[in-house]
Protein chains: 2
Amino acid sequence: MSLDKRKVKILKAIISSYIDNAEAVGSRTISKKYELGVSPATIRNEMSDLEDMGYLVQPHTSSGRIPTDKAYRYYVDDLWRKAKISKNPNLDQLMEIIEDKSNELDEIFKNSVRILSQFTKYTSFVVAPQYKQSVIKRIQLVPVSENKVLMLIILQTNIVKQVMLRLSRPIPYNQLEKISESLSEKMYGQRLEDIDKNKDSLIKELYYTRESNSDALMELLPYLMEHISRFEEVNVFSDGITNILELPEYNDVVKAREFISFVEDKTSVAKLLQYNGEEDLDICIGSENKNRELKDCSLITATYKFNGKLIGRIGVIGPTRMDYNNVISTVKSISDAINEIISLNFNGENKE
Amino acid sequence: MSLDKRKVKILKAIISSYIDNAEAVGSRTISKKYELGVSPATIRNEMSDLEDMGYLVQPHTSSGRIPTDKAYRYYVDDLWRKAKISKNPNLDQLMEIIEDKSNELDEIFKNSVRILSQFTKYTSFVVAPQYKQSVIKRIQLVPVSENKVLMLIILQTNIVKQVMLRLSRPIPYNQLEKISESLSEKMYGQRLEDIDKNKDSLIKELYYTRESNSDALMELLPYLMEHISRFEEVNVFSDGITNILELPEYNDVVKAREFISFVEDKTSVAKLLQYNGEEDLDICIGSENKNRELKDCSLITATYKFNGKLIGRIGVIGPTRMDYNNVISTVKSISDAINEIISLNFNGENKE
DNA sequence: GTTAGCACTCAATCGATGAGAGTGCTAACA
DNA sequence: TGTTAGCACTCTCATCGATTGAGTGCTAAC
């Protein structure tokens, strides 16, 4: 038995109908709504074949049929093969919405997931990049008040991280400048990962090569180190978690709660996006997901890059019965927009 | 008919039982679980009286009774009057959790609502202060790369806001210093509100009193202005919205959805917290709320202050059947902690 | 004033019933 | 040989009535 043209047509009609209504579809519905030129009886025969082939299942004997994960996989691959995924044409417009005026990477990600879940009506995530591999360009101390100094850590990528330091006693302005310089000199070109690893020996080293300003410097150093350690924390942004309450499959509060407590756990989401293949665009349907909790969900993710290096993923999670066309094109468009924004605003690691 | 001692005892028992179980309570339950030394029949008579007095209602003739808003009001006032609200003793510990290492006000608020909803199991909010009244102390430009400059806006309160500027052409380092100085000079002591109002005339003024570096300055100015405008946006942080799914009163997805879409709307929440009286601690029970959507909810809010000036509110929203003792003391403790942190880290408007 | 006893009320539960949607099979048809 | 009309069959879902049980209100006795 093979998937001849008519079977494909019927299968697609069933999938399409089920995506729209979340209700098992019967032969009559198909023959009425989709013009196939054959009677319900014929369609019934074909549906029976499709069931044998593993594309459909019947929840119970006298109900219509619903698509299996295999059916969705076929559907998506077909869309893909025929390049039928409609491109979202408004890349510029998207970029404008996503781009943050204050140029903070975190804000860009927050905007991205917001837009993503607004467009898809599902839950969306992004894992913010970890800065392990990042390299320090310069450290600048800015006086704020008598006993407060803002420390700016400027990375090669032009990302700026800040820590506010409280001083035990004031440091004169010109001395701050000097400390900035010597800190910058010491730290220039170092990877955060390495600094974090070797912090004890670094502190010792700085201590022994002390200069006139070293007391103040030694006071500030631990703050810098602690902040660098905190860069390592995984940061996940999500949005639209409560969107699932609109879906009939989550009409049951218990089910909704299970889903929500899974996706609210940043660790599990981070894992999900982390080990999800290296493909630029990844589509994981139902039982293809490793997590048992997601066996009724599909996960569409795309990568974003920093200087050509894959660094993180953005994605949408929804029921297997999702509007793949829309979700895939939206995820793709938004990851494109993010890549564009990053390459415009944050330079490569080793350039300059 | 008056609230004699026994009636009070019974009323409190009923409220307490209903808070725990969310189920209408009957006379037998009371006589068994709470030692009152009287029979169910007697309790029934008293309950009937309490119903006449408006403290209880019966969902239907043959069910137990549930407390009315009036009952909760009595209950809370009584707790209050007798200073029975247990103080959370770990102010220091709380402060440690809430205080953010990077000293960002926003992070402090995020931590606060997180802790608040963790402790109470309800939904919590905070409205971040608007900066209208804030006064600029200094503006500092920090070079980041050839064509990027970080503009730091340092307020009298020692809050630092930042904007990343993209330059059309590089500005030499020493010129940046000069621009910082002249911008600081012009802006020093000005209220953000006033700057925002008079931005056109300010730009004009700066244009006519131009100096050698004015070209670059004029390029940067619009960015500054736009960023100042954005300070005006109300910023609401919330947490624990999905906690309500654990409550039996929201077992119905439709009800849960209604609640969630109300509290996810930042505007409505901001309004809620804004016009909610000037009391340091405010308790609004059920129908006391102006919003029809919240007629089954209670709202506990507390203020926080900047330099003695009331500036925002933090609060918890939950079912009228909430554990008032715990919620009130937690809200109070956390607002205390916030006040303490703010006064330690951010100085008053007109000091220094 | 308190309480035991009892009739009464009403929501929730359970089972039976019928309607409706949909199937599979068969036989007839092009 | 593929298609289709017809029909018996299956299973869910909604409805209805009976039953159960928690709880009340009233009355009469203590």
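Quick note on labels: first sequence line is chain A, next is B, and so on, each numbered from 1.
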- Could you walk me through whether B:D265 and B:T267 pass side-chain hydrogen bond (donor to acceptor under 3.5 Å, both in side chains), step by step? CA-CA 5 Å; B:D265 175 15; B:T267 333; 3.1 Å; yes
- Query: Where do B:K110 and B:D239 land on the salt bridge (charged side-chain N to carboxylate O under 4.0 Å, His left out) test, with the steps shown first?
  - Reply: CA-CA 8 Å; B:K110 272 185 219 165; B:D239 200 299; over 6 Å; no
- Task: Show the numbers, then the answer: is there a salt bridge (charged side-chain N to carboxylate O under 4.0 Å, His left out) between A:K332 and A:D336?
- Result: CA-CA 6 Å; A:K332 188 82 183 68; A:D336 284 351; 3.1 Å; yes
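Proximity of B:R6 to the phosphate of C:dT2: a side-chain N or O atom is located under 4.0 Å from OP1 or OP2. Distances shown here put a side-chain N or O of A:R65 below 4.0 Å from the OP1 or OP2 atom of C:dG24.
For the pair A:E46 CD and C:dC25 P, the computed distance is 15 Å after rounding to whole Å. To the nearest angstrom, C1' of D:dG2 lies 13 Å from CD1 of A:I10. Per the geometry, CZ belonging to B:R28 stands 13 Å off C1' belonging to C:dA4, to the nearest Å. What separates CD1 of B:I43 from P of D:dT24 is a distance of 10 Å, to the nearest Å. Distance, A:N45 CG to C:dA27 P: 15 Å, rounded to whole Å. Nucleotide D:dT10 holds its P atom 14 Å from the CD atom of A:Q58, rounded to whole Å. Distance CE (A:M47) to P (C:dG22): 9 Å, rounded to an integer number of Å. Here the C1' atom of nucleotide C:dT23 and the CD1 atom of A:I66 are 16 Å apart, to the nearest Å.
Interface remark: the A:R44 side chain does form a donor-acceptor pair with the C:dG24 base, using a distance-only criterion of under 3.5 Å.
Nearer the 5' end of DNA chain C, as judged by each residue's closest nucleotide, is the contact made by A:T29, out of A:T29 and A:A41.
Ring centers of B:F125 and B:F237: at least 6.0 Å apart, outside the cut-off.
As the counterpart of C:dG20, D:dC11 is assigned, both hydrogen-bonding distances of the Watson-Crick or G-U wobble pattern falling under 3.5 Å. Nucleotide C:dT3 forms a Watson-Crick or G-U wobble pair with D:dA28, both donor-acceptor distances falling under 3.5 Å.
Of the possible donor and acceptor atoms, one in the side chain of B:K70 sits under 3.5 Å from a partner among the backbone N and O of B:M53.
The listed nucleotides are C:dG24, C:dT2, D:dA5; the one nearest the side chain of B:T42 is C:dT2. Residue B:T61 has its side chain nearest to C:dC10 when only C:dA4, D:dA5, C:dC10 are considered. Distances from the side chain of B:S48 to the nucleotides C:dT3, D:dG25, C:dA11 place D:dG25 closest. Side-chain proximity of B:H60 to D:dG25, C:dT23, C:dC10: nearest is C:dC10. Of the candidate nucleotides D:dT24, C:dT3, C:dG22, C:dT3 has the atom nearest to the side chain of B:V38.
Between A:D69 and A:R73 no salt bridge is recorded (no basic side-chain N to carboxylate O distance below 4.0 Å).
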- Note on the structure: Readout for nucleotides 12-21 of chain C: B = base within 4.0 Å of protein heavy atom, S = sugar-phosphate only, - = neither; 5' to 3' it is ---------B
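Around the CD atom of A:E246, the shell of radius 6.0 Å holds more than 12 heavy atoms that belong to other residues, nucleotides or ligands.
Checking A:T330 against A:N326 by side-chain atom types alone, a donor-acceptor pair falls below 3.5 Å.
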